[in-house]
Amino acid sequence: MTGTYDPKKWGILQIINIGTLMSTLDVGIVNVSLPTMAKEFSVPLAQIQWVATAYLLTMVALLPFLGKLSDIWDRKKIYSYGFLVFSIGSLCVAVSHGIVSVLLSRCLQGIGATMIMANSQAMLRQVFPDHEIGRALGVNAIVLAAGTLAGPAVGGLLLNFVHWTWLFIINVPIGLAAFLLGRRWFPQAKSGGTRTAFDIAGSFLLAAGTCMLMLASEASEQGGGFTPPIVFEGVAGLALLVILWFYERHISYGILDRELFSQPKIALGNTSAFFINMAQTATMIPITFYLQEQLGFSAGVTGMLLILQPLLMGIVAPFAGWFRDKHGGFVPVTVGSLFCAASMLLIACSQHVTAISVSLQLVLFGIGMGLFHATNNAEIMSASPEAKISLSSSLLAMIRYLGQIAGIGLATLLVGSMGKAGATVGIPLQILFWICFLCCLGVAIIRWMSLPNKLLPFQKLIRPW
């Protein structure tokens, strides 16, 4: 692997961590502020939800396009100016006087977030050598977990003292500082990607299909079940993605790049990420409902329990990244998948789910995600061609969103009645966790079977340990 390894790489990592922290904090902060915003603008929940949805839809629609663009143009400029666009979008949200202007400003904010997300892991790949990228992504995973943990708490705390607009204004100085530091520190090197035609049709099909699935998932999650419009949106989204797959097979410059997915580590890593993210989202939704509706816990206690998963992920990920850099990624990815699978059995095999079994499930899955996430990302980025690392980074983010959308749909299909009076979810809940168990176990088996000499890594590891 080649790259522009900068002596200031650990300082550059901190700038990248700022982008990670901003994006993860923003999601939690905005979700907490939605009820307050709904009252101020006198709109119902169904409309105010678009404040969160518009941001996600913008990212889903633009990620592959901006990833490919970054590989052709100067990655430093696109990534750095992403902070500036995000800051301007945040300021526009804060000064908006109506729901329409808020939504438009959130789209602008989403464009900035996409410019950052399409390049964050690509920038790490550019400045870190292969034997250090796992450790760098492990540190980044700590920030990811911290942002996930702190978002709702910080938003709720600030709302007790300041107006909701300050939740967006706070992004402005942080984003501007990251922009200035990025322009100064990021290596001045163009990516060198081949200037080919942009796959406009493919970008449209991917954006439209994914957006339809997101809309169906959002509506089904709120409605607790499937209605004809929701079914139509879901079927239309799947149909568009199927058309995209057939279309991409017949062009050489598609956003679903043949060169990338011909690499076993990239194809296998993205497939694994899809199923692990799907399992995480599909189980987190019913666990949240179960703790409050079935076990009678308050929202505060439920939140404290849910913290266990990202907390363990943040603790384990740096060790997993270090281990990958020293011994390779096979063990952390495979063992992490097995931890995720084992966590599902605690619910799938339980006739009476208790707070203890839920807590153990969250702990085991958090450990599994800590082992899997940063290591799998490092393996994908290390295998990516130098000229296409931004496209690879953006597709990795896209796969994460697709997995989350699939997880919401799976949870709604099986336990969408949770929260309704008199609903019984025992057997459907167990079926859901059995399906997620098979997905996680399947990832571990596929990773194991992908090795030509399956016992060799263990033979090498047993000696020093």
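Since we're looking at a predicted model, the values are computed, not measured. We number each residue from 1, following the sequence as shown.
Side chains of Tyr55 and Val30 form no contact here, defined as non-hydrogen atoms less than 4.5 Å apart. You'll find the side chain of Ser394 stays beyond 4.5 Å of the side chain of Leu66, heavy atoms only. Taking the side chain as every heavy atom from C-beta outward, Ile276 and Cys440 approach each other to under 4.5 Å. Gln121 places none of its side-chain heavy atoms less than 4.5 Å from the side chain of Ile380. Using a 4.5 Å cut-off on side-chain heavy atoms (C-beta onward), Leu260 and Pro385 make contact. At least one side-chain heavy atom of Arg135 sits less than 4.5 Å from a side-chain heavy atom of Trp10. Counting only heavy atoms from C-beta outward, the side chains of Leu305 and Ser359 approach each other to under 4.5 Å. For the pair Met117/Arg400, a side-chain contact is recorded, criterion being any heavy-atom separation below 4.5 Å from C-beta on.
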Legend entry - Test log, rule side-chain contact (heavy atoms from CB on, under 4.5 Å), inputs Asp71 and Arg75: CA-CA 7 Å; Asp71 284 324; Arg75 183 177 299 115; 2.9 Å; yes

Inset, instruction - Give the C-alpha distance, both sets of side-chain angles, the deciding distance and a yes or no for side-chain contact (heavy atoms from CB on, under 4.5 Å) between Leu432 and Leu410. - result: CA-CA 8 Å; Leu432 173 63; Leu410 181 63; 3.7 Å; yes

Inset, instruction - Verify side-chain contact (heavy atoms from CB on, under 4.5 Å) between Leu371 and Phe339, making sure each step is shown before the conclusion. - result: CA-CA 9 Å; Leu371 291 169; Phe339 264 94; 4.0 Å; yes

Inset, instruction - Mind running side-chain contact (heavy atoms from CB on, under 4.5 Å) on Val242 and Phe246 for me, showing each step along the way? - result: CA-CA 7 Å; Val242 170; Phe246 281 105; 3.6 Å; yes

Inset, instruction - Give the C-alpha distance, both sets of side-chain angles, the deciding distance and a yes or no for side chain to side chain donor-acceptor pair (under 3.5 Å) between Arg447 and Ser337. - result: CA-CA 9 Å; Arg447 300 307 287 249; Ser337 304; over 6 Å; no

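Looking only at distances, a side-chain donor or acceptor of Lys76 sits under 3.5 Å from a matching main-chain atom of Arg183. Using modelled atom types, no side-chain atom of Asn376 and backbone atom of Phe372 make a donor-acceptor pair closer than 3.5 Å. When atom types are taken as modelled, the side chain of Thr114 and the backbone of Gly110 share a donor-acceptor pair closer than 3.5 angstrom. No donor-acceptor pair closer than 3.5 Å links the side chain of Asn140 to the backbone N or O of Ala136. Within the 3.5 Å criterion, the main-chain N or O of Val143 finds no donor-acceptor partner in the side chain of Asn17. A donor-acceptor contact shorter than 3.5 Å is absent between the side chain of Arg106 and the backbone of Ala54.
Between the CG atom of Leu312 and the CD1 atom of Ile307 there is a distance of 12.0 Å, given to the nearest 0.5 Å. Atom-to-atom distance recorded for Ile111:CD1 and Phe86:CZ is 12.5 Å, nearest 0.5 angstrom. Distance check, rounded to the nearest 0.5 Å: OG1 of Thr375 to CD1 of Ile133 gives 11.5 Å. How far CZ of Phe128 is from CE of Met123: 10.5 Å, rounded to the nearest 0.5 Å. Taken to the nearest 0.5 Å, the CG atom of Leu21 stands 14.0 Å off from the CD1 atom of Ile16. Note: Ser80 OG to Asn119 CG = 9.5 Å, rounded to the nearest 0.5 Å.
Heavy-atom minimum distance, Ala406 versus Phe274: CB-CZ, 3.8 Å. Smallest separation of non-hydrogen atoms from Pro318 and Ile142: CG-CD1, 3.2 Å. Summarising the geometry of Gly202 relative to Tyr247, their closest heavy-atom pair is N-CE2, 3.8 Å, with the distance given to 0.1 Å. Nearest approach of Gly134 to Asp325, heavy atoms of both residues: N-OD1, 2.9 Å. Considering all non-hydrogen atoms of both residues, Gly234 and Leu213 come closest at O-CD2, 3.5 Å. Taking both residues in full, the closest heavy atoms of Ser343 and Leu364 are given as CB-CB, 3.6 Å, listed atom of the first, atom of the second, then distance.
With Ser382 as the fixed residue, the side-chain hydrogen bond (donor to acceptor under 3.5 Å, both in side chains) test singles out one of Arg324, His131, Lys265: Arg324. Screening Phe179, Tyr81, Tyr79 against Phe186 for a ring-ring contact (aromatic ring centres under 6.0 Å, His included) leaves a single residue, Tyr79.
If you check the side chains of Gln280 and His373, you find no donor sitting under 3.5 Å from an acceptor.
Below 30°, between 30° and 60°, or above 60°: for His327 and Phe323 the angle between ring planes is between 30° and 60°, a tilted geometry.
No more than 12 heavy atoms of other residues, nucleotides or ligands sit less than 6.0 Å from atom CD1 of Ile170.
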